[in-house]
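So that the names make sense, note that chain A is the first sequence line, chain B the second, and so on, each numbered from 1. Computed from a predicted model, the values in this text were never measured in an experiment. Side chains included, hydrogens not; waters and symmetry mates left out as well; all remaining heavy atoms used.
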Amino acid sequence: MKQELVLYNSLNRKKETFKPIEEGYIGMYVCGPTVYSDVHLGNVRTFVSFDIIYRYLKYLGYTVRYVRNITDVGHLLDDGTDRISKGARAEKLEPMEVVQKYTLGFHDMMRIFNSEPPSIEPRASGHILEQIEMVQQILDNGLAYEKNGSVYFDVEKFAKEQDVYGKLSGRVIEDLFSETRELKNQGEKKHPADFAIWMKAAPDHLMRWNSPWSEGFPGWHLECSVMSTKYLGTTFDIHGGGNDLKFPHHENEVAQNFGACKCQPANFWLHTNMLLMNGRKMSKSDGNTISPEELFTGESPHVSQGYSPMVVRFFMLQTHYRSTMDLSDEALKASEKGYKRLMEARKTLQGFQAVQSASAGTVDEEISKLLDQALEHMSDDFNTPMALARMFEVVPKINGIRDGHIKAEELSAETLDRTKKVFDDFIFDIFGLQEEMASGKDGTTDGLMQLVIELRNHARSQKDWGTADKIRDTLKELEIQLKDAKGGDTTWVKA
RNA sequence: GGUCGGGUGGCCGAGCGGUUAGGCAGAGGUCUGCAAAACCUUGUACGGCGGUUCGAAUCCGCUCCCGACCUCCA
């Protein structure tokens, strides 16, 4: 019944047929943001990608438990200060105020991009007890050691016991171990590749909890191991995250799970690729960056105008989640046109009435085939660019029927219904796009526009081109475009 | 330096042994009072050099660029 789904699994770098652990159910964990500053567009790309994956899995009929955490503790900066408390000192806020502020900001942005909230959004700070328990388990299993109140994962021992470490990120163990460069805070570690799972807090460290080893805080990677286990079980179906988290974060996560339960946490690992701008990595340090707000308003040297969230989302759909995505003004402009064209076609399609005497002709067959292909592409590792391409091939057919080039009788009632349904399923449910009326297209506006259009059409029928064109030109200045279809129907759209 | 992933037409971006990807831009046409919109037609591109093959953008080798990761990162 369910279509076969093929996923590219980072664990072995191959596409594999997806089989859930429990038929009909999927457990998916995605590493969420660290809430210490405003959301970065790169974060948006990752979470929009997983939003589409989540939506498609549900579309296939699975019951999905989607867990995406909020990291609000334990994430270290280069200088060893905690990210959250660093932000707090700078802004003279309680750490949890910083967390709250940026968590809300993150949620707002996800909503603006029409991303569905996850089923569970656990916070690291809310799972300190569980994290302490996991540290203990790893210690009990002999894969960690305590030193001066901090606990470190024994990577060397783990690597010797099981051929797991390095597999996910493609690291060569020998290389990792022969790493000679000097790293900070290495004094307590037995081996440079070891990493902290519990850190003793320095006297001025704000966020701290009691533990059997010291008053301190959990290591960065631990929270994900703990929360995925708590809400999805020791082994679950899909684990996702940004490409840049593969190492060390995901690698260490796998190590911790093995350390605690001796099992692989996830069967499938999905990694999204990075966002570039003008061909280069988006980076704050060299000014090659743009915030979501700047993108919306157009207040940035990198864009010539503002782009709406849905245009940006559409733009993201045109690139596969595993490819780097190159943001540029020209590419966004192209997306804006494409997005509008698709949405217009969708509206046109929904207005079609089945022709009574209709019987399946060639158009019927062609459209059906394109819809099937679009779905197949989604089941092939969520190939949204391909699926979109097939949708766009249906667009001229829709417009052709509207304009009379293509005979409506050749489209059977069944196929018309299915096309309407699949189009909406794709656009709204899978791609997560939504209609965007730039500014108040409500009942009043609609009524006014209807009146204006009637007045203009009256003028046209009187060959009063002056009046007709004045209406058209003035509306254009107000960024309202009139579209005169064949047969006299005029529609309008806010540019 | 190590590991991995890329270099595709004006731009973005799929494809990964033989077929038109698709979007945007451009050109010609239809329609139209004019225009816009829409529709039709149009582009033979795959970094370079070799090789394998009946056939390569797709496989192999070399080479030149670019990006990511290598304990901050979505």
In whole angstrom, give me the gap between the [atom1] atoms of [N] and [M].
N      : M      : atom1 : value
B/rC49 : B/rA57 : P     : 13 Å
B/rG15 : B/rG28 : P     : 34 Å
B/rG17 : B/rG6  : P     : 14 Å
B/rG43 : B/rG9  : C1'   : 7 Å
B/rG55 : B/rG18 : C1'   : 6 Å
B/rC4  : B/rC60 : P     : 14 Å
B/rC59 : B/rC16 : C1'   : 10 Å
B/rC34 : B/rC24 : C1'   : 26 Å

Go through [options] for me and flag the one nearest to the [X] side chain.
X        : options                : result
A/Thr46  : B/rA25, B/rA74, B/rA36 : B/rA74
A/Leu275 : B/rC39, B/rG33, B/rA74 : B/rA74
A/Asp484 : B/rA36, B/rC4, B/rG33  : B/rA36
A/Lys483 : B/rG22, B/rA37, B/rC24 : B/rA37

Would you call the rings of [X] and [Y] parallel, tilted or perpendicular, taking 30° and 60° as the class edges?
X        : Y        : answer
A/Phe153 : A/Phe158 : perpendicular
A/Phe382 : A/Tyr56  : perpendicular
A/Tyr54  : A/Tyr66  : tilted
A/Phe296 : A/Phe113 : tilted

Quick one: list whatever passes salt bridge (Lys or Arg N to Asp or Glu O under 4.0 Å) with A/Glu156, sequence neighbours left out.
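Result, salt bridge (Lys or Arg N to Asp or Glu O under 4.0 Å) vs A/Glu156: A/Lys160.
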Looking at every strand, decide which applies to [X] at a 4.0 Å heavy-atom threshold: base, sugar-phosphate, or nothing.
X        : answer
A/Phe247 : sugar-phosphate
A/Ile406 : nothing
A/Gly170 : sugar-phosphate
A/Arg402 : sugar-phosphate
A/Asn399 : sugar-phosphate

Rounded to whole angstrom units, what separation is found between the [atom1] atom of [X] and the [atom2] atom of [N]?
X        : N      : atom1 : atom2 : value
A/Lys340 : B/rA37 : NZ    : P     : 12 Å
A/Gln373 : B/rA21 : CD    : P     : 14 Å
A/Asn273 : B/rG7  : CG    : C1'   : 14 Å
A/Lys14  : B/rG5  : NZ    : C1'   : 17 Å
A/Phe392 : B/rA21 : CZ    : C1'   : 13 Å
A/Glu344 : B/rG23 : CD    : P     : 16 Å
A/Lys463 : B/rU32 : NZ    : C1'   : 12 Å
A/Met343 : B/rG23 : CE    : P     : 17 Å

Less than 4.0 angstrom between a side-chain N/O of [X] and OP1 or OP2 of [N], yes or no?
X        : N      : answer
A/Arg460 : B/rC34 : no
A/Arg472 : B/rU32 : no
A/Arg341 : B/rG23 : yes
A/Asn243 : B/rA68 : no
A/Lys333 : B/rA25 : no

What do you reckon, are the aromatic ring centroids of A/His239 and A/Phe268 less than 6.0 Å apart?
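Distance test on ring centres: not under 6.0 Å, no.
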Please check if the distance between the ring centroids of A/Phe431 and A/Phe315 is under 6.0 Å.
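Between A/Phe431 and A/Phe315, the centre distance exceeds or equals 6.0 Å.
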Encode nucleotides 10-18 of chain B as B, S and - characters from 5' to 3', where the letter depends on protein heavy atoms closer than 4.0 Å: B to the base, S only to sugar-phosphate, - to neither.
-SSSSS---
Is it true that A/Asp108 and A/Arg111 make a salt bridge, defined as a side-chain N closer than 4.0 Å to a carboxylate O?
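Between A/Arg111 and A/Asp108 there is a salt bridge, with a charged N closer than 4.0 Å to a carboxylate O.
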A/Asn399 versus A/Arg402: any side-chain heavy-atom pair under 4.5 Å?
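Sidechains of A/Arg402 and A/Asn399: in contact.
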Got A/Gln481 and A/Lys476 here, is their nearest side-chain heavy-atom distance under 4.5 Å?
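Side chain of A/Gln481 against side chain of A/Lys476, heavy atoms only: no contact under 4.5 Å found.
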Just checking A/Glu365: does its CD atom have more than 12 heavy atoms from other residues, nucleotides or ligands closer to it than 6.0 angstrom?
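Open.
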Using heavy-atom distances to pick each residue's nearest nucleotide on RNA chain B, tell me which of A/Gly338 and A/His249 is more 5'.
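That would be A/Gly338.
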Which is more 5' along RNA chain B, the nucleotide nearest A/Gly42 or the one nearest A/Ser335? Just name the residue.
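Closest to the 5' end, via its nearest nucleotide, is A/Ser335.
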What's the spacing between A/His250 NE2 and A/Leu245 CG if we round to 0.5 Å?
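The distance works out to 4.5 Å.
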With the six-membered base ring of B/rA74 as reference, does the ring of A/Phe47 sit under 5.5 Å away with planes under 30° apart?
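No, the aromatic ring of A/Phe47 does not stack with the base.
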With pairs defined as Watson-Crick or G-U wobble and both distances under 3.5 angstrom, please note down RNA chain B as a dot-bracket string, | for pairing with another strand.
(((((((..(((.....[...))).(((((.......)))))....(((((..]....))))))))))))....
